[in-house]
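For reference, the structure is listed below as structure tokens.
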Amino acid sequence: MLTLFCSKSLLHWIAYWAEGWHYTIWDYRSKIGSILNAMEELLDSGDTHQANQSLVDYYLMSEEILQIDQMVHSVARYTEENTYTLEEKIRPYVDEEEERLRANLNRVGWNIDGFDTLTLVTGPGRIERYLFPLLYLVLDRHLRVLRRASEEIFNPSELHSHSQTLTVIMEAAMARMRTLLAVLRQRSSNPGILLGNVAFGMFKLLNDPSMNDWYINEDEYDEFPTLEEGEEDDGEEDEESSKEPKLLNFPPLKSLVNSDGYEEITRVEADQQDDVTADGLGLQGMWTGYTVDSEGTDTDGLTQLHIKAPDGDKIQGIGMNKFGIFHIEGQITPAEGTQHKIRFNFIYKASDEPGAKEAEGGEEDGGENKEVEGKDEEGENEGENEEGENEEGNNEEGGDEEGENAEENEGEDEAGNEGGTQADAESESDTPEGNEDNVAGIYDGIFDTATLTINGTWINGDGNETGTFNLSRRPVFACQFKYTQPQFEANPAWARWSYALAAIRQQVQTRLWSWNYLKARVDTRKRYVELRLRQDTENYYSVHPDVELTEQEIVELNSIEQGLPPPEVRYYQSLVNEAAVQRCIHHGYSCDGCDAALIGARMICLTCVSDNYVDNMDFCDLCFDVTKSDRGFNHYPEHDSLVMFQVLPRRARRDKINRAREFASFGRTSLEIREGDLLCVSCSTPVSLPCWLCYDCDNEAYICVDCQQKDDATYTNYNHTSSHAIIRLSDTSTLGKSLEATVEALDSRLSKDIADVHGRMDKLEEMIKGYESGVNEKITSLEVLVQQRLSKVEELLMQILSGAQGQHSA
């Protein structure tokens, strides 16, 4: 009957599940390892386009890539040597299964956005059956995408979409592992050991946090065959070449800098000459103004819009702010007086954004048909389920057959339920921005024909934020000189006069293209980019206190933004985005001095490194000269360090640190032997400790401290660049003095503390003596008082006794 459920013979089927599955997993393990090695070579090569570097870094340093690497190193070794006959029997099934997965991935555009999509690609069954071939196909494609990163500028969402695919796959794998542990925990107090027997141990390292140094101490990376460029295309369809545009999910960008807004503002400004009375109310034409939230904070920068003549009570228009181009749709309710009620929506339309049409075309190409080829067409699932019930227990680790049978159905039910839940949640929440029009808010106010102003309140598209807005006929160029309310209240005449003079001077300078005008624009642009980049960094990452914006700088940034026309703000923001993606962000690491994210430079102390190279002291460029004790490390400013301006791959950490230590030792020896002969590669002056030594240059390239601190330093020798890793050679002659000074400080502090304790003890002893003396005095006075009272009592008794005797005598 099994031959009815599979396209191959019963002999092929038995051969596969008896021995071939282990061989297949081991073969895919080698292929995946080769791809991961090739990816990390790309990370370390420096060939990636600078605009894509941070995206590539984020992808390769993600948790999912680490988990895949863990699984690769978890698989039990396949030890059989003569595999030709076995491979001949199982290869048809393996190739057919791989082609089925590839075809289904093509049908979903290679984007797995939820467990439901994952099921469409793989079909039903336990995930360990198809996990490795699926990861191989996905990573193979991702490698080809990463190689394109050296030629084209990626859309910022490009690699995030690929990371999402890996996230879904690994979430399914982790869900399966948790199910297995829950079942095995019922049979053993140590389920982790039994887990190593399941699916040839592929989940072992995912579950064992005590083995978190595997990627440092393992030498198995050398076992993976070297993957030459282009070799990963084997087995792909002919039309799927590495230069095929549909390889990317999003069209590549020509530039990260956006100047398209200037074309839109030209069209809007042309309408400034509209006759404001042409519509009878004066509503038609150009308006400028601001929106503020309930706390009085500006939300959108300068808003510029053009309203068309009303069609009855309906109004329409177009405008822009720092977020983009928007459309206006609403109505006006005329009144007898000068104040008319007006209400309209701000609608951001995807078709107005630069590159929207190209993106829509790309989506149409990639998502044309999602009909997925399933195993059920050939009946392979049923056959696999019947014959493969016990394959987990039949592997070389000697897993228990009964245990694997007991957990299969429960595992599949839990994974299925969990997948369905997540898929439902994602289908409800995932509405891609840019594919639908976005209603940004509702503006409800009064249009005053006497003052030609529109004022009122606004509610954002979510309905959970409110504020006020004000619009006027003020020209765009004059908005940056608008006086504040406190200035107007202090001296109205002077506020208006200053505003008029500044606006007219701006117009004259603009027409003359004066040097002062051009210089002011350049200075404004540079200052805006600097402040906005720091603010964006502070919003997303923990930063050093010296990098945080001061209150004065925040006011300055808001003032610049409110005075700039919307297209210029959008252009300047694109410059900020360009600068942001070109920075190196060392994901997963923070400064041990200030806890800030490591952005740009990562200073790795070459002394404070654990024996297994898993832990070390990292510092930002503002904190290395601190003394720090933490996690068993005692860091001093005199320690040598390796400064990385690119992400350090996990696998390369041990070799990089050891090589840097060798370089540091060699550099010190050279400086001692050739004192005065070694010159700085920038200023050509003799160098001495402390100084810097290039890690990447083939020859000895030394940089003096002064040149390293310069942002505009030029390097004419040895092809040294500012992106090279460098080694800081500290002056260790001060280390002993620092230690001695530290000991002396501690000794002095201890002596002071001891003297303080002695002083407190003396005071306590004096207090006790004082209390003792007071107690003695009180006891003495109490004895005297008691004696007096007893004497009086005795006298009284004697008197009573005498009286009694007299009466008796009488």
Side-chain angles (χ1 to χ4, degrees), residues 39 42 47-62 64-65 105-114 117 121 137-169 232 236-237 239-261 323-325 348-370 426 429-438 570 573-582 585:
M39 286 181 173
L42 288 176
D47 295 335
T48 303
H49 194 292
Q50 192 173 12
N52 300 325
Q53 189 63 58
S54 63
L55 301 176
V56 174
D57 292 345
Y58 179 83
Y59 172 88
L60 292 179
M61 298 302 290
S62 65
E64 291 73 28
I65 293 294
L105 286 168
N106 280 328
R107 287 178 171 83
V108 299
W110 291 82
N111 291 320
I112 302 177
D113 54 4
T117 308
V121 172
L137 292 174
V138 171
L139 291 174
D140 173 73
R141 185 177 181 85
H142 290 184
L143 176 59
R144 293 191 288 126
V145 171
L146 292 177
R147 284 181 169 158
R148 288 279 291 277
S150 62
E151 306 168 5
E152 298 170 310
I153 299 177
F154 285 172
N155 184 296
S157 300
E158 181 66 46
L159 292 182
H160 288 286
S161 65
H162 297 303
S163 294
Q164 183 186 30
T165 295
L166 294 181
T167 299
V168 173
I169 295 174
E232 71 278 6
E236 289 283 355
E237 300 174 5
E239 64 271 16
E240 286 273 341
S241 64
S242 61
K243 296 295 291 182
E244 185 73 23
K246 65 179 180 180
L247 182 66
L248 304 180
N249 293 333
F250 300 87
L253 306 178
K254 295 180 180 179
S255 173
L256 291 174
V257 178
N258 173 26
S259 59
D260 294 344
F323 298 114
I325 305 167
Y348 290 95
K349 294 194 174 183
S351 58
D352 289 331
E353 292 303 313
K357 295 181 179 179
E358 293 81 354
E360 290 174 3
E363 291 173 3
E364 291 174 1
D365 293 339
E368 55 192 58
N369 184 9
K370 285 200 174 184
E426 292 182 354
S429 61
D430 287 352
T431 302
E433 294 184 7
N435 293 336
E436 297 182 2
D437 296 342
N438 179 22
R570 297 181 69 193
Q573 185 60 50
S574 68
L575 295 178
V576 174
N577 296 338
E578 181 185 38
V581 300
Q582 292 179 359
I585 301 176

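Scanning for side-chain hydrogen bond (donor to acceptor under 3.5 Å, both in side chains) contacts around Ser161 gives Asn249, with sequence neighbours left out. Looking at residues two or more places apart in sequence or on another chain, you find a ring-ring contact (aromatic ring centres under 6.0 Å, His included) between Tyr59 and His142. Applying the side-chain hydrogen bond (donor to acceptor under 3.5 Å, both in side chains) test to Glu578 and every residue at least two apart in sequence or in another chain returns nothing. The side-chain contact (heavy atoms from CB on, under 4.5 Å) search around Ala149 returns Thr48, Asn52, Val56, Phe154, not counting sequence neighbours. Applying the side-chain contact (heavy atoms from CB on, under 4.5 Å) rule to Thr167 yields the partners Glu64, Glu171; only residues at least two apart in sequence or on another chain are considered. Scored by the side-chain contact (heavy atoms from CB on, under 4.5 Å) test, Asn577 finds Gln573 as partners (sequence neighbours excluded). For His160, the ring-ring contact (aromatic ring centres under 6.0 Å, His included) partners at least two apart in sequence or on another chain are Tyr58. Applying the side-chain hydrogen bond (donor to acceptor under 3.5 Å, both in side chains) test to Asp57 and every residue at least two apart in sequence or in another chain returns Gln53. Under the side-chain contact (heavy atoms from CB on, under 4.5 Å) criterion, Leu42 pairs with Leu143, Leu146, Arg147, sequence neighbours left out.
Across Leu248 and Glu152, no two heavy atoms sit closer than the pair CD1-OE1, 3.9 Å. Taking each heavy atom of Thr165 and Val138 in turn, the nearest pair found is CG2-CG1, 4.0 Å.
Atoms NE2 and OG, from His162 and Ser62 in turn, are 13.0 Å apart once rounded to the nearest 0.5 Å.
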